[in-house]
Every structure is written in structure tokens, then in C-alpha cells.
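Worksheet: one structure, shown below.
Convention: sequence-line order gives letters A, B, ...; per-chain numbering from 1.
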Amino acid sequence: MDEKTTEIYKACLKETEIKYGYGDGFFKPRLAGINHLEVGHSKIISNPVTILLEAIFSFYKNLRRRVQKLNALLFPRRHHIYAKVKDSYVTGRLMHLDRAEMNVPIHNAEVELWARTKFTFQWKKLGVTVSDNEGNFEIRYTLREARNFFIRSIQLEIYQPTDVKYNGDRPSTTYRVYHCEKINKSDLIGLGYSVNTIALPLWEYRTDIDLPRAYFPENLRFTPEVYVQGREDALIQQLIPIELTKQKHLFQIKKEPGMLTLEDIQKDYPENLTLAMEKKLPGYTRGDEWFGFRMMNGMNKASFMPDKDKKGIYHVKFFGAGDYEHNNEYAFPDTDIEFEIHKDKTPLPVAITFTGPLNALNKDPFQTRTFTRNDGEDWLAAKRLARVCGAVCAEVDEHYTGTHVNTEQFAIAAFRNFRKNPVTWILFPHLKEVSLINAGADKTIIGGYLPTATALTTKGLVNRCRDILGVHNWKGWQPMEVINETHTYAKAENLFWNLLGDFMDFFFEKYEKDIKTFWNEVYFFSEDLVNHSVPVFLSELHVEKMNASKKERYERLKEYTHFQFGYHPEHSAEIVHGKSVAMSSITKSKTFTRDEDFNNLKDACRYAIMMATFSHTWINEHQYDDLGEILYSCGGLRFGEKESGVIGPESDPHIAPDLTRSTQMLWFTNFLSRTEYGFITRNEENDIHPYFIELLLKHKDEFMELGVDIESIESRTNI
Amino acid sequence: MLWFGAVIDKLVLWWYARLFSFLIAVFLSFPKRQRMSHNNGIGGEGWLKITEEPEFPEHDFFEKGAVFPVRIRHASATFLDDAMNCIRSISIKFAHNRYKSPFDLEMNTGETSLFWSAASFMQFAKKRNEKWGVEYVEYNRHYPEGLEGAKKAVRRHATSFYNLHYYAKTPFLFMGKDKIKRYAKYRIIPLEDVKESGLEYNISDWDMSNQRVLPHEKRGRNFLKYEYEDRIKRHGASYRLQIQVRTASDDEDPEIFNNMVPWNEQIYPWMELATFHIDKVLDWKESTLSVFSLNNMPKSLGVLPAKSIFDYNSLNYMRKHSELARKARILSLKIFGMVPPIPDNDNRNYSEWGA
């Protein structure tokens with residue numbers, strides 16, 4: 001890009017920049033949770049009854065909050081333990097509630113015995129303990145304190161860490177009562193009282209899907225986590241206008257579809273980067289330079305693989321629908337874009353090769369067509385199709401699988417196992433809420449929008465996610481290699497990775513002793529990661545039985561995905577149920593024995609935080625830049641009925657998404673890019689280590705030069 | 001205020017003991033002519049001799065070489081079927097009478113018990129919920145010590161009442177000639193060095209509540225009683241009554257009274273107290289009319305005082321205060337006649353009379 005174009009680009013970027021304010025509006029209903037959003041027929045603000053109900057609910061929530069405050073004031077929970085001689089005990093065993101078997105203990109869980117007085121309703125703490133590696137616990141207490149005439153009720157409370165708070169640089173863990181077991185006062189008769197096995201649905205893995213996903217029970221009392229209030233507020237504030245816009249469109253489509261055009265829909269949503277650029281430099285966003293620039297530093301942050309034979313030539317590949325279950329509505333061929341990259345110049349596309357159907361007439365999956373700069377209008381159409389395929393791959397492979405589901409597998413393992421280990425303090429703030437948002441995405445995106453707006457069905461999407469997760473491993477992962485001066489994404493990624501490494505060194509050195517003391521938690525964390533990891537990518541396929549074309553495709557696929565996701569198969573050494581799995585083990589010992597394991601833990605934490613923060617933020621916040629203009633890029637181009645198929649002009653509405661899909665796409669990209677909450681440097685929840693913030697702020701200008709506003713990097717994946 | 005609390009505790013204990021005794025008398029002993037638990041038994045008589053070389057402190061009652069008439073009663077609790085997984089017992093009185101005696105003891109198999117205080121005993125009674133030979137499911141689930149005690153106490157495959165070890169478990173007072181306050185525990189074992197029969201190993205928690213006869217059981221409902229009757233007729237049965245003694249102190253741990261914690265035998269060894277020989281078996285009527293009571297004890301060997309329902313000594317306090325129930329049963333037997341002997345039929349797993 002020349003200087004003038006760069007200036008225009010920066011101006012457009014600023015114009016379309018997304019700001020995150022936190023001011024309250026006058027009319028601001030709260031949601032019970034964003035998981036009940038629905039595509040197309042949203043329950044939010046669709047009629048006055050809903051508005052009224054939301055207002056009542058809002059009033060109820062406020063009242064409940066005040067009552068809770070008053071309750072805490074009148075009936076404080078003092079942590080003094082009332083005990084003279086601890087002559088009796090309450091015992092039991094905490095287990096994970098597995099649908100098939102009960103054999104996974106909950107270790108290191110804090111268990112407390114509380115009593116409440118008869119007339120003043122004051123709380124009295126009778127005893128406290130933590131469960132051992134087998135989940136067994138024994139709380140010793142004084143029988144006469146429990147059987148005192150003035151005691152009204154007794155309960156056993158099981159605590160689960162949910163949050164981390166920093167007071168200066170001193171972290172502390174916040175616990176919430178996850179389960180409460182009432183005990184009849186008269187049942188306490190001295191010596192032991194067993195509550196037997198308490199099986200809790202605490203961060204259980206889903207068993208209905210071959211992915212490491214968290215199970216959210218229908219009974220909200222046992223939900224493993226909830227959004228913080230600030231996150232809900234930010235969501236509602238940003239969502240209301242775009243929700244109303246979408247509702248208007250859906251109403252119009254239902255009543256009078258002829259009165260609405262794609263242009264009308266586009267105009268109703270906020271202007272995005274490509275539209276702003278087009279206003280100032282007409283035609284530029286459809287040009288080669290912009291194409292290369294966005295592929296390298298846009299939402300796609302594509303991986304440029306050097307050509308084996310030609311120097312200065314690189315390939316970016318997007319693998320299409322292939323064998324995954326798909327519909328026949330949208331084109332999703334394999335795409336191989338050949339770029340030439342000169343020293344310190346933006347990549348320029350030379351040729352684009354598609355393998356797979358490009359129209360509705362010829363369904364041969366191995367048909368190939370190549371387009372070059374000399375193909376005139378077809379070249380423009382080829383770039384458009386390449387952008388679309390790239391967008392789907394970025395969303396499904398990089399965004400959903402690489403950051404959301406990848407982070408979730410760390411989140412489940414961490415929340416199931418870390419309670420006392422200081423690692424809790426660095427992992428929890430970055431891993432929280434990802435499982436919640438993923439559960440929401442299951443309904444609204446994977447099971448809702450994407451199967452209707454792209455070539456892949458829900459089953460196809462899930463299977464693809466499982467496959468791609470098979471090239472994600474913490475061991476040996478490194479950020480993208482910087483190709484040249486214009487490769488700002490890779491530079492920023494490397495800078496963040498290095499700073500994260502500095503932070504990890506600082507933290508692990510400071511808390512080394514306690515990390516090693518509670519090493520059993522690391523062991524169980526590692527075991528859960530490995531035992532629930534997906535098989536290594538393509539390891540279950542019998543490639544030798546395939547025909548030559550398929551075999552060749554899978555070889556290419558394997559080679560490129562390993563390169564794209566920084567995956568080293570030699571590190572995936574674990575075998576689970578006879579299958580080689582992607583995740584590497586961190587430790588094999590319940591007690592600390594090897595220095596190598598300590599470094600493994602550090603590397604795994606660094607990787608998980610990287611995925612949850614920088615990697616996710618990049619794609620998420622660039623979605624509206626690259627997917628905010630319907631005709632520029634979208635989830636899928638329709639085959640139409642012409643022989644030219646998807647290689648047609650933007651003016652052909654039959655290959656563009658239909659009206660409903662268009663408004664939904666803009667709704668989603670706005671929703672995902674604009675409703676962020678929880679940033680590292682803003683530290684809204686006071687849960688980020690101050691040294692991490694300090695490190696990032698120190699390099700604020702350096703990041704800014706690379707086009708990254710450090711204030712906009714999310715601390716967690718929650719949208 | 002401490003004294004007030006102590007008075008309340010005592011009152012509650014008294015109320016517990018009286019109420020329990022009253023309820024048993026009204027709902028079980030009188031209308032059904034039953035003991036509280038040990039209905040299935042057989043009595044015998046013989047003679048007891050205090051050891052000539054006592055190692056325990058001298059005591060006015062246990063004079064060396066003294067000879068007493070004894071009446072005993074062996075029983076299986078609580079089912080009317082000897083082949084079930086039951087606790088076995090022996091009660092002994094130093095007299096050839098149905099009730100009156102200078103010294104009575106009640107013992108069960110197992111070194112530890114199923115309950116340890118009045119409060120725990122009430123819970124034990126409350127949570128029985130017996131049906132078809134399965135009982136104490138809830139109790140066993142919630143009280144680990146009770147469950148362990150049960151595992152140690154049951155003798156499913158006992159071959160004879162004779163070759164079992166019986167323990168009194170809760171300590172009693174022992175005030176010897178030197179007037180030093182001591183505590184004593186008693187046990188009865190066979191005179192001959194024979195292996196204890198019926199011991200169960202590795203019983204699962206789940207199976208403990210199932211006391212039913214085993215599938216394809218060949219032993220009859222009364223096989224233990226018949227065996228004992230034959231044994232006595234052939235050559236009688238000789239036993240050893242043993243004692244453990246420890247000195248009281250001001251700073252003693254209440255746990256020494258806990259019947260779930262045996263005293264360390266290396267420090268407090270079992271000493272010979274007496275031997276006795278049973279040479280006569282009592283018939284069903286005489287066995288049924290025999291009554292044993294902890295009130296039948298010299299003051300210097302009596303029940304230790306209890307302070308509350310949680311006190312380990314409250315268990316013996318309750319036993320001592322259950323006289324009403326005993327009297328109600330005897331009265332009922334006199335009015336309504338003798339309960340019939342347990343028939344040799346195939347109605348297994350019963351605890352109720354008349355089946």
C-alpha cells in the first residue's frame with residue numbers, strides 16, 4: 001500500500017472502529033442469559049409484553065440483589081470456627097456425576113459445615129476441610145455445638161472456585177457454594193456421620209458429542225458457571241439497536257419481501273471498513289492489493305506457505321466441504337491461492353485454483369479450475385469466492401475450533417481440577433465464560449445460522465471441528481513466522497507471545513513452591529486434557545484404501561493444517577482408548593518430580609491464555625471489517641442456476657446470500673464484534689495480574705504501530 | 001449457667017430413657033410379649049467359680065475361689081431364624097433364678113458395638129426399617145462406625161453358641177477393696193482354646209444390611225439352639241469370664257468409655273475373673289421367662305453415671321432404666337400365656353412372632 005492509501009485506510013479504520021462504552025440507558029432490560037437468543041425469531045424486545053416482562057424481571061433482579069445485600073449485612077458468615085473438642089465428624093465422598101459410572105473423584109474441594117441459630121438466624125461455622133485425591137473428606141466438629149438447643153439447622157456446603165480477584169499483586173480465589181446438603185440436626189449423634197457419595201454435575205464433559213465440551217445441565221442450580229453482570233450489561237447495550245434492525249427486516253421479509261433489497265439491509269447496519277474504503281477509493285477493496293493485504297492481516301490472518309519450487313511464491317489454502325456433510329445450496333470448494341510476495345510488499349495474488357463444484361450442474365468433487373489476473377471479471381469473482389471460502393474457514397477452523405473449542409478443553413480441565421494451585425490465578429480469568437458462550441453458539445450458530453448460510457450442515461460442522469481440533473496441541477506451538485515488514489499480524493502475535501512468556505516466567509518463579517505443593521491438581525488437569533482430547537487429525541482414516549485423488553487431497557490437507565496451526569505430530573504421544581490423541585501430557589506424576597513437567601505446565605498455560613486472548617480477539621474483532629459487507633464476503637455463495645455458477649458478478653443476486661441470511665449475517669458479525677466485555681488492560685473484574693497489564697501497557701505504542709490497540713485485547717473468550 | 005445446662009442434659013437423658021422404656025413396654029413388650037430384640041434364645045444353668053489366683057485388684061464381690069450358681073441365656077438378635085446373619089449373645093446372672101441375682105451381665109459378639117450412646121441408640125432404633133430380613137439400610141449408610149461395628153458383630157456361619165466371643169463393651173465401675181476408682185470391661189470366651197466360628201471377612205457395605213438366609217440354605221431355623229442343647233446333654237459347656245481393669249483419673253479422655261474403641265490389650269490385658277460350666281439346658285418356657293438386668297449389680301460394680309444422651313455411658317444408663325419394659329413382658333406372658341417356640345418350618349427371614 002502506498003502512503004496515501006495507508007492514510008485513507010487508517011482514517012476508515014478509525015471511522016468504523018468499535019468503541020466499548022459502559023453507560024446505562026434509560027430503558028435497559030436485563031437478560032437472564034444470552035443463551036436464549038434465537039436466530040430469526042429472537043425473544044428479545046419483540047413485543048410490549050416481552051418488554052414488560054423484561055422490566056419486571058429487571059425489577060425483581062434489583063430487588064433480589066438488595067435483599068441479598070441486606071441478608072449479608074444482617075446474617076454475616078463469620079469464619080471463626082465454633083469448636084472446643086472436635087469429637088465428631090461428618091464424612092463423605094465427592095464425585096463427578098458421570099452418566100455412565102462414578103469413578104472420578106473431586107479433589108481439593110473445600111467443604112464446610114455450617115449451622116444456623118433458631119431465633120436470631122445467625123450463621124455458625126462448625127468445621128471446614130478439603131477433599132483428598134480420592135474425593136474423601138472428613139470435617140471434624142464439636143457435637144455439642146451442633147446439637148445445641150439454639151441451633152435450628154445444619155448444612156454441608158461444597159465450594160467451587162469461580163473467580164480470582166487481585167488486591168494489588170496479591171491474588172485471591174473467590175468461591176461460591178456449588179452444592180448444599182442439609183443435615184438433620186438429630187442425625188448428628190457423635191462419632192461419624194456419613195453423607196456418603198455426593199455426585200455433582202461439576203464441569204462434566206458432554207457425552208453426546210465427540211468433542212471436549214462442557215455439559216450444562218437443564219437445572220440452572222447446577223450450571224457450572226454464569227456470566228458476570230458486566231458482561232450481560234455490555235451485551236444488552238450493544239445488542240438492542242441491531243436486534244431491532246434485524247427484527248424489522250424479518251418482519252418485512254415475512255410480509256412484503258419484494259420491498260426489501262440487499263442494499264436496504266446493508267444501509268440499516270453500521271458502516272464497516274470495506275464500505276468506508278469503497279467510498280473513498282472506489283474499486284480498491286476488490287483489487288489485488290487489498291485482497292493480499294486482508295488475507296495477510298485481516299480476519300483470515302492466513303498462513304502463507306512457501307512454494308517448494310518457486311522462490312517468492314507462497315500458497316494460502318482453504319479446504320472446502322470435502323467429505324463433510326454439506327448441502328447443495330452453497331459453493332465451498334478447496335481453494336489454493338498463489339501469492340507472490342516481494343520484499344516488504346503486500347502479497348499479490350497470482351492465481352486461484354478451485355477444486356470442487358462451482359455451479360449446480362457439475363458436482364464432480366475433483367474438478368479443478370484456475371483463475372489468473374488475466375481473467376477479467378472472472379478474476380474478480382474468483383477472488384470473491386476465495387474470500388468467502390477463507391471467511392468460512394477462518395470462522396469454523398480458526399475462530400470456532402482454534403480459539404473457542406480449543407480454549408474450552410483447557411477451561412473444563414482447569415475448572416474441574418484447579419482449586420488450591422496458584423495456576424488458578426492465571427488460568428481462571430482467561431478461561432472463564434468460554435464454555436458458556438460455546439453452549440450458546442451450539443444453538444444459535446452451529447445449530448442455527450451456519451447450516452443455513454454456509455455449505456456445511458450441523459453434523460458437517462461438528463465433524464470438521466473435531467478433525468481440526470486434532471491439530472491443536474500446546475506442545476511445540478509457536479506463533480506465525482513473520483514473512484516481511486508488511487506482515488503486521490505475525491509481528492503483533494509474536495510480540496504478544498513473547499510478553500506472555502515474560503509474564504509466565506515471572507508468575508511461575510514467584511509461585512513455584514505452591515505450584516509444586518499442589519501438583520496433584522496439575523496431574524489431574526493433564527489427565528483430563530489428554531483423556532478427553534480428540535484423535536490426531538486424520539489418524540482415524542484409512543488413507544491407504546482411498547483413491548489417488550482423495551489420498552492426494554488428504555496429504556495436502558495434512559501438510560497445510562500442520563503448518564497452519566503450528567502442529568508437530570511427534571509431540572502427540574498419548575494413546576487413549578487405542579487412539580492417538582492430539583494433546584500432550586503435562587505430567588505423569590501426582591507429586592512434583594521432574595523440572596521438565598514444570599516447564600510443560602508453563603507452556604500449556606501460556607498456550608491456553610494465548611488462544612483465549614490474542615488469537616480469539618484478532619478474529620473476533622475483525623469480523624465486521626471483513627464480513628460486514630454482504631457483497632464483499634459472506635458465509636456462502638449460492639450456486640444459482642447458471643452454468644457460470646458462483647463465478648459471476650456481485651450484481652447477480654441469485655448467487656449472493658438471500659435477504660434473511662444477509663440480515664442474519666450482519667446481525668451476527670455486529671453482535672460478535674461489538675458486544676465484547678472483559679479486556680486485559682481495562683481489567684473490569686479486577687482479575688488480571690497487574691504485571692501482565694503492566695507488560696502490555698509498556699509496549700502499547702509498539703502494538704499500535706502494528707495496528708493493534710492493546711486496550712481492545714480481550715482477557716477471555718466470551719463472545 | 002453451666003450447671004443449668006448440666007441439669008437440662010440430665011433431664012433429657014432421664015426423659016429419653018423413660019420414654020424409650022415406656023414405648024417399648026406399651027407397643028412391644030406388653031401387646032406382643034416380646035423382648036426388645038433378643039427373642040430367639042436358649043437358656044442353661046450351671047456353676048461359676050471365681051479364679052483362685054486373681055490378677056485384678058481385690059474386690060469384695062469377686063472373692064477368690066468363690067462359687068456362684070449361674071443362669072445364662074444365648075440368643076440371636078433380632079430374627080427368629082438361627083441361619084440368618086445375626087448378632088449372637090450371652091446373658092449371665094449369678095443365680096438360678098428367673099430375675100433376682102447379685103450380678104448380671106449382657107454381652108454380644110463383636111468387640112465393638114453398633115451404637116455408642118443413648119442418642120445413637122435411638123437413631124439405631126428409629127432407622128431400623130426392617131423388611132424381609134433387610135434392615136438398617138439408612139443407618140448403615142450414614143454411620144460408618146455403626147456399620148463397622150455391625151460387620152464385626154455378626155456371625156452368620158456360627159457353628160455353636162459356645163465357640164463365640166462375647167463382649168460387654170461399655171465399661172462399668174470397679175471399686176475394689178482399696179477404694180480406688182477403676183473401670184472394668186468384661187468378656188466371655190470358651191474355656192477350651194477353640195477357634196471362634198462365624199467370623200465374616202470383607203463384607204461389602206451394601207451387603208451388610210441384608211441379613212437374610214443365604215440362597216439354598218440347608219440349616220434349620222433352630223439349628224444353633226438344637227446344637228447347644230445336644231452339646232450340654234453330651235458334655236456341657238465351660239466358659240471363661242474375663243475382665244479388663246483401668247484406673248480412673250481426673251484428666252481422663254471421655255473416649256475411654258466409648259464402646260466403639262476397645263482398650264489396648266497390651267496396656268489393659270484381659271485377666272481371668274472366673275470359669276463356669278453349664279450342665280443343664282432350660283426349656284423354652286424357662287428360657288423365655290429368664291430376665292437379665294444391669295440393676296442386678298453390687299454398687300461397687302454398677303453402671304457408670306451418664307451426663308447426657310451423648311455420653312458414652314448413657315447406653316448402660318438406658319439399659320438400667322428399661323425395667324418397665326421387662327416387667328411389662330413378664331406380666332403379659334402371665335396374663336396371655338407363653339409365646340410358642342419357634343417352629344422348624346420353612347418360613348425364613350422372620351423377626352415377628354407367630355410365623
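- Separation of atoms CG (A:D87) and CZ (B:F310) is listed at 10.0 Å; rounding is to 0.5 Å.
- Residues of residues 124-133 of chain B lying within less than 4.5 angstrom of chain A, judged on heavy atoms, are B:K126, B:K127 in numerical order.
- Put simply, CG on A:N196 and CZ on B:R141 are 4.0 Å apart, with the number rounded to the nearest 0.5 Å.
- Between the side chain of B:E145 and the backbone N or O of A:G192 there is at least one donor-acceptor pair closer than 3.5 Å.
- Listed for the B:H142 side chain is a donor-acceptor partner under 3.5 Å among the backbone atoms of A:S194.
- With a threshold of 4.5 angstrom between heavy atoms, B:M260 approaches chain A through side-chain atoms but not through N, CA, C or O.
- Ranked by heavy-atom pairs shorter than 4.5 Å toward chain A, the options B:A119, B:S120, B:S117 are led by B:S120.
- Counting heavy-atom neighbours within 6.0 Å of A:H577 NE2, excluding the residue itself, gives a total of 12 or less.
- Applying the 6.0 Å contact sphere to CZ of B:F27 captures no more than 12 heavy atoms from other residues, nucleotides or ligands.
- Environment of NZ in A:K185: crowded, with over 12 heavy atoms of neighbouring residues, nucleotides or ligands closer than 6.0 Å.
- B:Y312 touches chain A through its side chain: at least one heavy atom from C-beta onward sits under 4.5 Å away, while N, CA, C and O do not.
- Environment of NZ in A:K124: crowded, with over 12 heavy atoms of neighbouring residues, nucleotides or ligands closer than 6.0 Å.
- One N or O on the side chain of B:Y143 and one on the backbone of A:D187 form a donor-acceptor pair closer than 3.5 Å.
- In this structure, chain B has no heavy atom under 4.5 Å from any part of A:S88.
- Evaluation of the side-chain hydrogen bond (donor to acceptor under 3.5 Å, both in side chains) rule for B:S322 yields B:R326 as partners, not counting sequence neighbours.
- Neither the backbone nor the side chain of B:D205 comes within contact range of chain A; no heavy atom of the residue lies under 4.5 Å from a heavy atom of that chain.
- Environment of CZ in B:F22: sparse, with no more than 12 heavy atoms of neighbouring residues, nucleotides or ligands closer than 6.0 Å.
- Take A:D514 and apply the side-chain hydrogen bond (donor to acceptor under 3.5 Å, both in side chains) test, not counting sequence neighbours, and it matches no residue.
- How far CD1 of A:I189 is from CD1 of B:I309: 9.5 Å, rounded to the nearest 0.5 Å.
- Contacts of residues 131-154 of chain A with chain B at a heavy-atom distance below 4.5 Å involve A:L143, A:R144, A:R147, listed in sequence order.
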